[in-house]
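Notes to accompany the following structure.
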Amino acid sequence: MASKWIFHILWLIIAIKDIRQSTSADIGICYGTLGDNLPPPTEVVALFKQYNVGKMRLYDPNLDILEALRGQEIEVILGVRNEDVQIMASSQSAAESWVLKNVVNYINDIQFTFFVVGNEIVPGELAQFIAPAMQNLLNALRLYSFDGIRVTTSVASTVLQNSYPPSASEFTPNSLGPITEILKVLSAQSCPVLMINAYPYFAYAGDPINVNLDFAQFTATSPVVIDGEFQYMNLLDAIVDGFYWAIEKAGNFSDITVGISESGWPSAGNGRLTSPELASVYNKNFVKSILDNGGTPKRPFAYMEAFLFAMFNENLKPVGVEQNWGLFYPNKEPVYPLFPLS
């Protein structure tokens with residue numbers, strides 16, 4: 001009898017592991033366009049296909065890119081530009097026009113999974129408009145019977161304060177109001193996700209003496225942070241769980257999960273803190289962590305959307321680190337070995 005129970009327990013462990021791997025195996029890449037030497041969209045989409053990358057984040061509805069994506073079986077999360085958020089918040093017809101132009105014309109040929117209303121505009125003057133813009137966009141999607149596509153926004157980790165240890169995290173006073181309204185809109189959806197741009201690099205670069213490189217790059221061999229019952233061997237998990245704690249403190253939003261809309265490591269631009277080798281280690285371990293482990297210490301079985309930043313080095317960004325996040329040079333050559341993402 002005991003051996004029978006042991007068999008069932010072993011089977012359950014294997015099944016859970018398989019579920020975690022299969023439901024977490026979603027690594028996409030952000031496709032930024034701030035470069036005057038980038039390949040045309042058709043070639044970029046072909047590059048996604050060549051390297052078997054099945055998910056793309058677009059920051060705005062670039063019609064040339066959307067045309068190139070027709071029939072390519074690449075999942076797309078599409079952004080509403082920051083400058084369009086206020087008008088979408090104040091006008092239901094503006095939201096409906098946005099859907100008509102950017103979704104209806106492509107819905108039969110492109111698999112949209114999320115619409116991301118604004119990028120890193122909490123806190124700030126536009127933050128108050130995100131939740132009503134999200135709601136108007138949801139209303140417009142329902143009008144066209146596109147209820148299955150979720151609406152969210154993307155925030156930076158700077159909306160958190162007291163983030164060490166993770167359980168002390170809470171939203172900053174100037175972020176709490178708009179974030180709470182965003183969480184309400186999210187919570188009314190099925191399988192809601194708050195997207196975050198999470199960069200251990202910035203924590204390390206800002207304080208390389210006290211932030212351990214191994215902790216930032218997933219290479220620590222023992223827990224670096226112990227927070228009650230939770231042990232952290234990498235900084236990314238600590239950031240994500242900081243958001244979970246802050247969300248709990250903001251209200252009854254336990255149904256909301258956290259997704260990573262951007263993460264990466266620059267390959268140049270900041271001396272010894274940036275190199276192709278460091279970028280390669282971080283991104284390989286980021287992918288491995290998402291694919292192998294899924295979840296975090298606080299939410300060990302949570303499904304996690306995850307996107308690497310970014311597809312290309314973009315020369316129209318500020319000189320330095322900002323130009324060196326790409327996985328590829330504009331000539332489509334890899335900056336460092338990374339693929340396949342598995």
Side-chain angles (χ1 to χ4, degrees), residues 5-28 55 113-114 150 152 154-155 157 159-160 162-171 183 186-187 189-200 203 212 214-263 282-308 341-342:
W5 279 107
I6 291 172
F7 170 79
H8 283 297
I9 290 170
L10 289 173
W11 179 88
L12 181 61
I13 291 171
I14 293 170
I16 290 173
K17 181 178 180 182
D18 288 343
I19 290 170
R20 289 178 67 176
Q21 289 179 341
S22 63
T23 59
S24 298
D26 286 278
I27 302 292
K55 303 185 79 165
T113 55
F114 286 92
R150 288 168 286 178
T152 185
S154 183
V155 298
S157 56
V159 301
L160 297 182
N162 305 325
S163 55
Y164 180 86
S167 62
S169 296
E170 56 188 355
F171 293 114
L183 295 175
L186 286 174
S187 192
Q189 301 177 60
S190 176
C191 302
V193 179
L194 176 67
M195 292 291 191
I196 69 171
N197 296 339
Y199 287 98
N212 188 284
D214 287 342
F215 190 48
Q217 292 225 312
F218 302 88
T219 53
T221 56
S222 60
V224 177
V225 172
I226 298 177
D227 186 8
E229 63 181 297
F230 304 122
Q231 298 184 356
Y232 294 89
M233 295 179 63
N234 70 79
L235 182 51
L236 186 76
D237 280 353
I239 293 172
V240 173
D241 275 358
F243 271 91
Y244 278 124
W245 282 108
I247 289 169
E248 286 184 8
K249 293 170 186 176
N252 183 22
F253 302 112
S254 60
D255 56 331
I256 294 174
T257 60
V258 173
I260 299 172
S261 44
E262 291 180 14
S263 194
Y282 177 83
N283 283 335
K284 284 180 178 178
N285 287 332
F286 172 82
V287 171
K288 180 176 174 58
S289 176
I290 298 297
L291 297 186
D292 289 356
N293 301 326
T296 61
K298 184 169 172 58
R299 292 281 189 96
F301 300 110
Y303 176 90
M304 189 174 292
E305 298 277 349
F307 289 80
L308 283 168
L341 298 180
S342 61

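The structure displayed is predicted, hence computed values, not measured ones. Nothing fancy with the numbering, it's 1 onward along the sequence.
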Can you name the nearest heavy-atom pair linking [X] to [Y], along with the distance?
X    : Y    : result
S263 : Y282 : OG-OH, 2.6 Å
A250 : L183 : CB-CD1, 4.0 Å
Q189 : R150 : OE1-CA, 3.5 Å
P297 : Q231 : CG-O, 3.4 Å

List the residues meeting side chain to side chain contact (heavy atoms under 4.5 Å, CB included) with [X], not counting sequence neighbours, and say none if there are none.
X    : answer
K284 : S280, P337, L338
T219 : D214, Q217, V281, N285
V224 : F215, A220

[atom1]/[X] to [atom2]/[Y] distance, rounded to the nearest 0.5 angstrom?
X    : Y    : atom1 : atom2 : answer
L194 : F253 : CG    : CZ    : 11.0 Å
M304 : I27  : CE    : CD1   : 9.5 Å
S254 : R299 : OG    : CZ    : 7.0 Å
I256 : I247 : CD1   : CD1   : 6.0 Å

Donor-acceptor pair, T152 side chain versus V193 backbone, under 3.5 Å?
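Here the side-chain-to-backbone pair exists.
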By ring-ring contact (aromatic ring centres under 6.0 Å, His included) - contacts of F114 (at least two apart):
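F114: no ring-ring contact (aromatic ring centres under 6.0 Å, His included) contacts found.
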For Y199, give me all partners under ring-ring contact (aromatic ring centres under 6.0 Å, His included), at least two apart in sequence or on another chain.
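Listed in chain order: F202, W325.
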Just jot down the side-chain hydrogen bond (donor to acceptor under 3.5 Å, both in side chains) partners of [X], sequence neighbours excluded, or say none.
X    : result
K249 : none
S289 : none
S261 : S154, N197
E170 : Q161, N162

Evaluate F171 against L160 for side chain to side chain contact (heavy atoms under 4.5 Å, CB included), listing each step before the verdict.
CA-CA 5 Å; F171 293 114; L160 297 182; 3.8 Å; yes
Determine whether I196 and V159 satisfy the following criterion, side chain to side chain contact (heavy atoms under 4.5 Å, CB included), listing intermediate values before the conclusion.
CA-CA 10 Å; I196 69 171; V159 301; over 6 Å; no
Side-chain atoms of residues 233-246: list all donor-acceptor pairs with protein atoms under 3.5 Å, sequence neighbours left out, distances to 0.1 Å.
residue: N234; atom: OD1; partner: L236; partner atom: N; Å: 3.2
residue: N234; atom: OD1; partner: D237; partner atom: N; Å: 2.8
residue: N234; atom: ND2; partner: D237; partner atom: OD2; Å: 3.1
residue: D241; atom: OD1; partner: T296; partner atom: OG1; Å: 2.4
residue: D241; atom: OD2; partner: Y232; partner atom: OH; Å: 2.6
residue: D241; atom: OD2; partner: K298; partner atom: N; Å: 2.9
residue: Y244; atom: OH; partner: V258; partner atom: N; Å: 3.0

